[in-house]
Student: 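What follows is a single structure, and I will ask about it in a moment.
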Amino acid sequence: FTRLPGSDAVPPALVRMRVIATGLLIVMAGLFLVARAIEPRYPAFGFVRAFAEAAKRVAKKKPVIVLKAGRTSAGAKAASSHTGALAGNDKIYEDVFKQSGVIRARSLRQLLEFARGVPVLPTPKGENVLIITGAGGSGVLLSDSVVDNGLSLMQMPPDLDAAFRKFIPPFGAAGNPVDITGGEPPITYVNTVKLGLSDERIHALILGYWHTIVTPPMVFARNMVEV
């Protein structure tokens, strides 16, 4: 990004977005909205529109991850005092990001996690999400997160339900989430995850690991890599 007085992110960056063709593009910006009074050449909403158009083109070829500060009233006030520019209505940016295919990070940690994960994770072929967990509580939390992020839990078909039940204890829960319970050995994780990956009706698999003596973290990690 080119820095101009009163703004940390200005339209010349859009030119760079247009020419990047490979890899991962991360836009880390405190402000997208440039006030007319500070930079009259780039009217505020004209810049938002230009960014959206550029992002939409780039996002078709590579993931675009954005971290925008000033999303709360307190953050917007701090942004104004820091740069003299406006942070803008966050709802507008949220809609623009969604329409443009932009992945929005809400913290520095998320930004780094997305940057590491997005390039290596395949794009799901559909919307059927299945959760496999070693604890019922984490399955509930993961179900909430699925909905919070605009995804949907797959309705478990009877035949797939029966297939999962072959690998989990009688007091476990098939359905979705699949709760294998905390006392199961590593092979139970291996068998259920293999089944989840092999069924083409499942488009995305979310694992909820729960640390136990029976299945230590590194054992779980090695098994998942092998699977």
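Remember, it's a predicted structure, so these values are computed and weren't measured experimentally.
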Student: Looking at Ile65 and Ala115, what are the two nearest heavy atoms and their distance?
Tutor: CD1-N, 3.8 Å
Student: Rounded to the nearest 0.5 Å, how far apart are CD of Gln110 and CD1 of Ile103?
Tutor: 11.0 Å
Student: With sequence neighbours left out, what residues match Thr133 under side-chain hydrogen bond (donor to acceptor under 3.5 Å, both in side chains)?
Tutor: Ser138
Student: Where is the tightest heavy-atom contact between Gly208 and Leu142, given as atom of each residue plus distance?
Tutor: CA-CD1, 3.7 Å
Student: Given side chains that start at C-beta, do those of Met154 and Val129 come closer than 4.5 Å, heavy atoms only?
Tutor: no
Student: Rounded to the nearest 0.5 Å, how far apart are CD1 of Ile202 and CG of Leu197?
Tutor: 8.0 Å
Student: Taking 4.0 angstrom as the limit, do Glu113 and Arg109 come out as a salt bridge?
Tutor: yes
Student: Contact between Glu127 and Leu151 at the side-chain level, heavy atoms closer than 4.5 Å - yes or no?
Tutor: no
Student: Verify the cluster assignment for Ile206 and Tyr209: are they in a single hydrophobic cluster under the rule of side-chain heavy atoms below 4.5 Å apart?
Tutor: no
Student: To the nearest 0.5 Å, what is the distance between CG on Asn191 and CD1 on Ile132?
Tutor: 10.5 Å
Student: Would Met224 end up clustered with Ile187 when hydrophobic side chains under 4.5 Å apart are linked, directly or stepwise?
Tutor: yes
Student: Rounded to the nearest 0.5 Å, how far does CD of Glu200 lie from CG of Asn128?
Tutor: 12.5 Å
Student: Using a 4.5 Å cut-off on heavy atoms from C-beta on, say whether the side chain of Met156 contacts that of Val178.
Tutor: yes
Student: Is the side chain of Thr215 donor-acceptor paired with the backbone N or O of His211 at a distance under 3.5 Å, no angle test?
Tutor: no
Student: Between Thr188 and Glu184, is there a donor-acceptor pair closer than 3.5 Å when you use the side chain of the first and the backbone of the second?
Tutor: no
Student: Do you know which two heavy atoms are closest between Thr212 and Gly182, and how far apart they sit?
Tutor: CG2-O, 3.1 Å
Student: Using the rule that two of Ile, Leu, Val, Met, Phe, Trp, Tyr join whenever any of their side-chain heavy atoms come within less than 4.5 Å, decide whether Leu108 and Phe114 are in one cluster.
Tutor: yes
Student: I'd like to know whether Leu67 forms a side-chain contact (heavy atoms from CB on, under 4.5 Å) with Arg104, so could you lay out the CA-CA distance, the side-chain angles of the two residues, the decisive distance to 0.1 Å, and finally the verdict.
Tutor: CA-CA 6 Å; Leu67 173 62; Arg104 182 175 186 178; over 6 Å; no
Student: To the nearest 0.5 Å, tell me how far Thr192 OG1 sits from Ile168 CD1.
Tutor: 8.5 Å
Student: Apply side-chain contact (heavy atoms from CB on, under 4.5 Å) to residues Leu153 and Ser143 and explain how you reach the verdict.
Tutor: CA-CA 7 Å; Leu153 287 177; Ser143 297; 3.7 Å; yes
Student: Indicate yes or no: at least one non-hydrogen side-chain atom of Leu130 is less than 4.5 angstrom from one of Phe164.
Tutor: yes
Student: Give a yes or no on whether the backbone of Gly134 and the side-chain of Thr181 come within a donor-acceptor separation of less than 3.5 Å.
Tutor: no
Student: Any heavy-atom pair between the side chains of Leu205 and Val193 that's under 4.5 Å?
Tutor: yes
Student: Do Asp199 side-chain atoms and Arg201 backbone N/O form a donor-acceptor pair below 3.5 Å?
Tutor: yes
Student: When rounded to the nearest 0.5 angstrom, what distance separates CD in Gln155 from CG in Leu160?
Tutor: 12.5 Å
Student: Would Leu207 end up clustered with Ile180 when hydrophobic side chains under 4.5 Å apart are linked, directly or stepwise?
Tutor: yes
Student: Enumerate the residue pairs fulfilling side chain to side chain donor-acceptor pair (under 3.5 Å) with a member in residues 161-180, sequence neighbours excluded, ordered by first and then second residue.
Tutor: Asp161-Arg165
Student: Quick one: does any side-chain atom of Ser198 pair with a main-chain N or O of Leu195 as donor and acceptor, under 3.5 Å?
Tutor: yes
Student: Tyr189: which residues meet the ring-ring contact (aromatic ring centres under 6.0 Å, His included) condition with it, sequence neighbours left out?
Tutor: Phe220
Student: Between His203 (side chain only) and Pro124 (backbone N and O only), is there a donor and an acceptor less than 3.5 Å apart?
Tutor: no
Student: Between Arg106 and Glu94, does at least one N-O distance fall below 4.0 Å, as a salt bridge requires?
Tutor: yes
Student: Measure across Ser152 and Val146 and return the closest heavy-atom pair with its distance rounded to 0.1 Å.
Tutor: N-CG1, 3.8 Å
